[in-house]
J.: 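The structure's right below; bear with me while I get my questions together.
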Amino acid sequence: MSVPGASNTVLEVVVPYSRMSMIQLFAKIPAQYCSQQTADEMALLAYNRALKLSSPGSPVLGVGFTGSLATARPKLGDHRFHLSTRTSDRHWASTVTLSKGLRSRDQEDKVSSYFLLKAIANACKVSSTFDSELTESEVADECERFFDEDQELEQLINGQICFKVYPFSSDTSNDDRKIILSGSFNPLHDGHLKLLEVATSICGIGYPCFELSAINADKPPLSISEIKDRVMQFEKVGKTVIISNQPYFYKKAELFPGSAFVIGADTAVRLINPKYYDGSYDMMLKTLTGCKRTGSTFIVAGRNVDGAFKVLEDFDIPEVLRDMFVSIPAERFRMDLSSTQIRKSSGM
């Protein structure tokens, strides 16, 4: 961290040193604090965290390390450490058992640190010349798995990874803020493309992208083939799409904090309707205030609601929430077209 510009590469470092810190990290008590499984879970947590902290499409790496090294009192068990790295398509794990009594704590720290740096270099496909300093009897037990696209999507549907980005856009913006148009995109049409374009011009700063949830609130999850078919639409038009597993906006706000979500007036009216919060006005306020705390905003386009064209100004937004809703003027965008209408007209 003493190297200038390290923040361009290192997103975050978390050191859960105490047992309670580890419990809070996992939100559970680990089966073992020092094990390969624990290192693997740490790497997966770090990978998901890196996805959230990075620009869409940036390659990210999660690293997990846990060890039981020499200490002030003799240990009954082995002196060992466990390493794990996770990228979008690769998981690598290694366990090293050290000869007890051969090294001091500082020397064991040095050996494990070298292994950690080498693992990071290998995951980043950077050549390294570290000397492991292991004896002939100290052999690293390593394993490696690769994932194809279908396996990545299966992990997303199962909740192991939080989202997958398809960076088809030529936009190289490094803005942390995202401008997100969520939908089912069945099919993607010109209205979607135009709406995101107009919303981006209103926001001014941000990375424009589409978002498709593989998990639906009231329907079965999309199949892998369905996801891939819909992704192909974005590849054809050169637009970035994120596949997530969060159907609700309050969860999307947690997943993509600080983002501007582009929605239609029909969605806006549902967002502020207590009916969708078990009939509780207070729960609606609490939920949307939580979205507001993440820095999220909603960019609202006019849509047909109950047979009439409505814009944001037609609705009574609670005063405490008004500054998180921004209207798209009808003269900037109006397209009375929906994916449902397209499917009906084409017999889909």
J.: Are Lys236 and Leu188 side-chain neighbours, meaning at least one heavy-atom pair lies under 4.5 Å?
T.: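 The answer is no, as the side chains (C-beta and beyond) never meet within the 4.5 Å cut-off.
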J.: May I ask you to check whether Tyr248 and Thr287 show a side-chain donor-acceptor distance below 3.5 Å?
T.: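 Looking only at side-chain atoms, Thr287 and Tyr248 do not form any donor-acceptor pair under 3.5 Å.
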J.: Same hydrophobic cluster for Ile328 and Leu193, using side-chain heavy-atom links shorter than 4.5 Å among ILVMFWY?
T.: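 Same hydrophobic cluster.
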J.: Any chance OH of Tyr277 has more than 12 other-residue heavy atoms, nucleotides or ligands included, within less than 6.0 Å?
T.: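 Yes, OH of Tyr277 has more than 12 neighbouring heavy atoms, counting only those of other groups under 6.0 Å.
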J.: Is a salt bridge present between Asp109 and Arg105, judged by a nitrogen-to-oxygen distance below 4.0 Å?
T.: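 Between Arg105 and Asp109 there is a salt bridge, with a charged N closer than 4.0 Å to a carboxylate O.
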J.: Only pairs under 3.5 Å count here: list side-chain donor-acceptor contacts from residues 17-29, not counting sequence neighbours, and write none if there are none.
T.:
| residue | atom | partner | partner atom | Å |
| --- | --- | --- | --- | --- |
| Ser18 | OG | Ser21 | N | 3.1 |
| Lys28 | NZ | Glu41 | OE1 | 3.4 |

J.: In the hydrophobic cluster built from side-chain contacts under 4.5 Å, what are the other members alongside Leu61?
T.: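 Leu61 clusters with Val63, Phe65, Leu69, Phe81, Leu83, Trp92, Val96, Leu98, Val111, Phe115, Leu116, Ile120, Leu134.
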J.: When you measure from the side chain of Lys100 to the backbone of Leu76, do you find a donor-acceptor pair of N or O atoms at a distance under 3.5 Å?
T.: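 Side chain of Lys100 to backbone of Leu76, a donor-acceptor pair under 3.5 Å: yes, one is there.
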J.: Quick one about Glu149 and Tyr166 (side-chain donor to acceptor, distance below 3.5 Å, no hydrogens or angles considered), yes or no?
T.: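 Yes - a donor-acceptor pair under 3.5 Å links their side chains.
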J.: If a pair satisfies side chain to side chain donor-acceptor pair (under 3.5 Å) and one of its residues is in residues 59-76, list it, with sequence neighbours excluded.
T.: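 For residues 59-76, and leaving out neighbouring residues, the side chain to side chain donor-acceptor pair (under 3.5 Å) pairs sorted by first residue read Ser68-Lys75.
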J.: Which side chain to side chain donor-acceptor pair (under 3.5 Å) pairs, counting each pair once, include a residue from residues 133-144, with sequence neighbours left out?
T.: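 Side chain to side chain donor-acceptor pair (under 3.5 Å) check on residues 133-144 returns Arg90-Glu144, Ser99-Glu138, Arg103-Glu138, Thr135-Ser137, Thr135-Glu138.
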J.: How close do Ala214 and Ile227 get, heavy atom to heavy atom, and via which atoms?
T.: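 Here Ala214 and Ile227 meet closest at CB-CD1, 3.7 Å.
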J.: I'd like a table of donor-acceptor pairs (distance under 3.5 Å, sequence neighbours excluded) in which one partner is a side-chain atom from residues 252-271, with atom names and distances.
T.:
| residue | atom | partner | partner atom | Å |
| --- | --- | --- | --- | --- |
| Lys252 | NZ | Glu211 | OE1 | 2.8 |
| Lys252 | NZ | Glu211 | OE2 | 3.0 |
| Lys252 | NZ | Gln246 | O | 2.7 |
| Ser259 | OG | Phe256 | O | 2.8 |
| Thr267 | OG1 | Arg270 | NH2 | 3.3 |
| Arg270 | NH1 | Asp266 | O | 3.4 |

J.: Rounded to the nearest 0.5 Å, how far apart are SG of Cys209 and CG of Leu196?
T.: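 If I round to the nearest 0.5 Å, the distance is 7.5 Å.
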J.: Does the side chain of His91 come under 3.5 Å of the side chain of Ser84 through a donor N or O and an acceptor N or O?
T.: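 There is such a pair (donor and acceptor under 3.5 Å, judged by atom type) between the side chains of His91 and Ser84.
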J.: Can you tell whether the side chains of Arg322 and Asp316 come within less than 4.0 Å, N to carboxylate O?
T.: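 Asp316 and Arg322: salt-bridged.
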J.: Should Ile205 and Ile179 count as side-chain neighbours, where that means a heavy-atom distance under 4.5 Å?
T.: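 A side-chain contact under 4.5 Å is absent here.
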J.: Report whether Tyr250 and Leu321 are members of the same hydrophobic cluster (ILVMFWY, side-chain heavy atoms less than 4.5 Å apart, transitive linking).
T.: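 No, it is not one cluster - the side chains of Tyr250 and Leu321 are not joined through contacts under 4.5 Å.
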J.: Given side chains that start at C-beta, do those of Gln233 and Val241 come closer than 4.5 Å, heavy atoms only?
T.: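 No, side chains not in contact.
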J.: So, Asn48 side chain and Gln160 main chain: donor-acceptor pair closer than 3.5 Å or not?
T.: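 Yes, because the side chain of Asn48 sits within donor-acceptor range (under 3.5 Å) of the backbone of Gln160.
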J.: Evaluate the side-chain proximity of Ile215 to Pro221: yes if any heavy-atom separation is below 4.5 Å, no if none is.
T.: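 Pro221 vs Ile215: side chains touch.
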J.: For Gly191 and Met335, which heavy atoms make the closest approach, and how far apart are they?
T.: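 It is CA-SD, 3.1 Å.
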J.: Taking the six-membered ring for Trp and the single ring otherwise, decide whether the centroids of Phe325 and Phe315 are under 6.0 Å apart.
T.: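 For Phe325 and Phe315, the ring centres are not under 6.0 Å apart.
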J.: What pairs with Ser113 under side chain to side chain donor-acceptor pair (under 3.5 Å), at least two apart in sequence or on another chain?
T.: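 Side chain to side chain donor-acceptor pair (under 3.5 Å) check on Ser113 returns nothing, list empty.
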J.: Should we count CG of Leu53 as having more than 12 external heavy atoms under 6.0 Å?
T.: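 Buried by this count: over 12 neighbours within 6.0 Å.
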J.: Which of parallel (below 30°), tilted (30 to 60°) and perpendicular (above 60°) describes Phe185 and His192?
T.: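 Ring orientation of Phe185 relative to His192: perpendicular.
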